[in-house]
Amino acid sequence: MNMQSVVSVEKVVRRFGSGTTEVVAVKDISLEVVPGEVVLIMGPSGSGKTTLLSMLGGLLRPSEGRIQIGEDDLTLMDESQLPNIRLQHIGFIFQDFNLLSALTTLDNVALVAQLTGISRKESRKKAKVLLEQLGLGQRLDFLPHKLSGGEKQRVAIARALVNKPDMILADEPTANLDSHHGRETMRLLREVAKQEKRSVVIVSHDERIKEIADRVLWLEDGEFKDMVEMAVDPVCGMSIDILHAPATADFEGTKYYFCANGCRHEFLAAPNSFLQVDHE
Amino acid sequence: MIRLAWRNLFQNTTQIALGVGGVALALLLMLAIDALLAGSEDDLVAYIEDSGADIFVSQEGVKNMHMASSAITRSDLRLAAQAEGVATVSPILYTTSVVETKEGDVLSYIIGFDPMEPLGGPREIVDGTLEIHNKEIIIDQAVARSQEVALGDVVEIFGEEFTVVGITAGLTNIVNSVSFITLRDFQDLRGDDRNVISYVLVKILPDYSAKSVAAEITARNPDVLALSEAEFSRGERQIIRDMSVEVLNIMNVSGFLIGLAVTALTLYSNTLHKRSEYGVLKAIGAKNIHLYTVVVAQAFISLMIGTVVAIGFILLLGQLLPALVPGVAVTLTASGLLRVFAASLIIGGLSALVPAFQIARLDPAEVFRG
């Protein structure tokens with residue numbers, strides 16, 4: 001492991017099933033992430049992104065290889081030790097925000113701090129400071145359903161940060177946000193990485209995140225491959241490797257790439273409807 | 001975690017209302033029958049406890065009045081009077097019969113007492129007179145009201161007419177009432193040997209203990225059994241308890257099972273509904289014990305609220321029911337409350353088992369699978 005690395009992944013393999021039904025979701029992957037670095041992992045659906053993210057988060061054990069967070073080797077730990085590692089060293093940000101619907105903004109963040117054993121008063125104080133820093137001082141007593149998508153994601157970011165983790169794992173953090181809130185979330189994640197020297201690993205299809213990433217990795221068939229030029233299928237939104245696009249179409253002088261012929265046919269039937277949606 | 005449990009419960013007001021309502025109903029089943037029986041016991045022993053007697057002397061082997069028959073003689077009464085520490089002895093005749101009124105028949109204990117003796121008759125009346133003569137009767141207020149009988153009206157016992165001259169209070173229970181006639185009328189009605197009496201009510205001298213005087217009376221005459229008022233009253237209560245124990249058990253088991261089913265179902269559906277949130281908590285780093293705490297706290301919060309609602313309802317019932325249904329009393333007992341609290345604890349523990357199992361099996365990696 002590089003002495004500077006927060007996360008070190010060495011020759012990790014993850015298999016599901018056995019014998020003839022065996023599927024290798026992640027193949028011999030190695031990765032080092034240093035403090036303050038933003039790493040974006042992209043790739044088509046089924047490429048192994050979620051499996052890799054689950055293993056990095058200590059939620060899934062690799063079949064082979066080693067994952068180390070700081071000094072802690074996750075692969076050597078038993079199940080009872082992993083919750084503490086997740087609580088203290090990893091912050092999670094989810095696509096659907098996944099806030100606790102019965103708790104207020106403040107309680108959603110404070111609860112995670114309280115799980116570490118600090119008092120309710122202290123945890124609420126920490127949560128309040130963090131939420132105010134993220135511009136949610138006027139929303140402390142709001143329930144999640146009263147918040148906008150962007151506000152929810154900021155609460156989720158506060159929750160991920162409240163225990164000062166070494167690494168933030170973000171799963172499609174901009175997928176349910178409009179472009180304005182998506183950019184705001186990206187800016188926040190970069191700030192977290194650069195100002196607080198936390199490693200941020202993002203799994204996403206969103207091309208815009210490339211703007212804030214220090215490194216972009218392309219995962220396909222369970223392996224990191226060279227980064228390729230990508231396009232977005234205007235019909236289903238999937239990221240497409242333009243060199244291996246299953247289908248393409250020209251419309252008003254622009255070339256569009258599709259994940260399958262079905263999407264291409266749908267597009268050609270009413271191209272403006274997809275382009276209008278895209279422009280919104 | 002307790003805060004989360006509380007918020008989870010009250011997030012869906014319909015669900016908490018149904019859950020708590022169901023639990024309250026179940027616990028009410030357990031409490032109500034106990035409270036009704038306790039109330040009935042108080043009313044059933046009202047004559048004994050308010051009689052003013054320190055000792056009751058009955059036929060050997062007879063330890064109470066309800067559904068009992070006791071026959072002793074005047075010589076037994078004289079023997080009792082000779083025991084050390086006895087101040088007065090008052091004979092009564094007793095049977096269960098029907099008081100016929102214009103509005104219908106009322107089941108009643110008929111007490112025949114000698115107005116010249118200090119004990120045996122009613123101690124207090126709310127209307128009319130305590131000075132009763134032959135062919136006169138004193139009935140209870142609840143009967144008078146329900147049967148629309150007033151002072152001066154005529155009722156019948158064993159086909160003989162009696163004029164109502166006095167009204168007592170507090171001597172009607174869920175089963176029957178207590179009515180008083182003279183000892184002479186009682187003997188005439190039954191055509192009994194005037195030598196036979198049912199019980200002797202004994203007043204003791206100051207500085208004597210009822211228990212020791214009762215033991216002395218029994219020792220002097222093996223044909224009788226003398227019990228202190230407290231023992232005699234306890235025997236009466238026990239008979240009622242023994243008679244109702246099966247009903248009580250059925251209601252307890254029913255209440256327990258309904259409470260368990262309602263609480264378990266409420267918790268199960270709540271846990272299922274919150275499954276993804278529990279998964280998120282697990283992924284973030286909450287241990288199973290944290291999540292079990294939420295589930296168990298939810299169970300106990302809803303049970304405690306249900307218990308308070310049930311107790312409140314019983315107390316309300318205790319105020320309303322006697323006014324609506326004469327002779328029915330509701331008394332909350334410590335043993336009834338303890339039983340309900342114990343049942344709540346067991347229900348809480350058992351109903352949290354399935355949700356706890358659900359949580360234990362929850363894979364936190366599911367949060368990334370949508």
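Atom set for the values below is all heavy atoms of this structure, side chains included, hydrogens, waters and symmetry mates excluded. Within every chain, numbering begins at 1; the chains are lettered A, B, ... in the order of the sequence lines, protein sequences first and strands thereafter.
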Flag side-chain contact, heavy atom, 4.5 Å: A/P83 against B/K282: no

Residue pair A/L100 / B/L281, side-chain heavy-atom distance below 4.5 Å: yes

Residue pair A/F94 / B/A283: nearest heavy atoms and the distance that separates them: CZ-CB, 4.5 Å

A/L59 to B/D363 - nearest heavy-atom pair and separation: O-OD1, 4.4 Å

Can you tell me which portion of [X] sits under 4.5 Å from chain B's heavy atoms? Options are side chain, backbone, both or neither.
| X | value |
| --- | --- |
| A/L99 | backbone |
| A/T104 | both |
| A/D107 | side chain |
| A/L111 | side chain |
| A/T116 | neither |

Under 3.5 Å donor-acceptor, B/E277 side chain and A/N98 backbone: no

Heavy-atom pair count under 4.5 Å with chain B, highest-scoring of A/L143, A/N84, A/L87, A/L82: A/L87

Contact leader toward chain B among A/R120, A/K49, A/E172, where contacts are heavy-atom pairs under 4.5 Å: A/R120

Listed partners of A/R86 passing side chain to side chain donor-acceptor pair (under 3.5 Å), at least two apart: none

Pairing residues for A/E122 by the salt bridge (charged side-chain N to carboxylate O under 4.0 Å, His left out) criterion, not counting sequence neighbours: none

With B/R234 via salt bridge (charged side-chain N to carboxylate O under 4.0 Å, His left out) - residues at least two apart: none

Chain A-proximal positions within residues 287-315 of chain B [heavy-atom distance under 4.5 Å]: B/K287, B/H290

Should the heavy atoms of other residues, nucleotides or ligands under 6.0 Å from [atom1] of [X] be counted, would the total exceed 12?
| X | atom1 | value |
| --- | --- | --- |
| B/Q319 | CD | no |
| B/F357 | CZ | no |
| A/K128 | NZ | no |

CA sep, side-chain torsions, deciding dist, call: B/L4, A/Q114, side chain to side chain contact (heavy atoms under 4.5 Å, CB included): CA-CA 12 Å; B/L4 178 61; A/Q114 220 177 328; over 6 Å; no

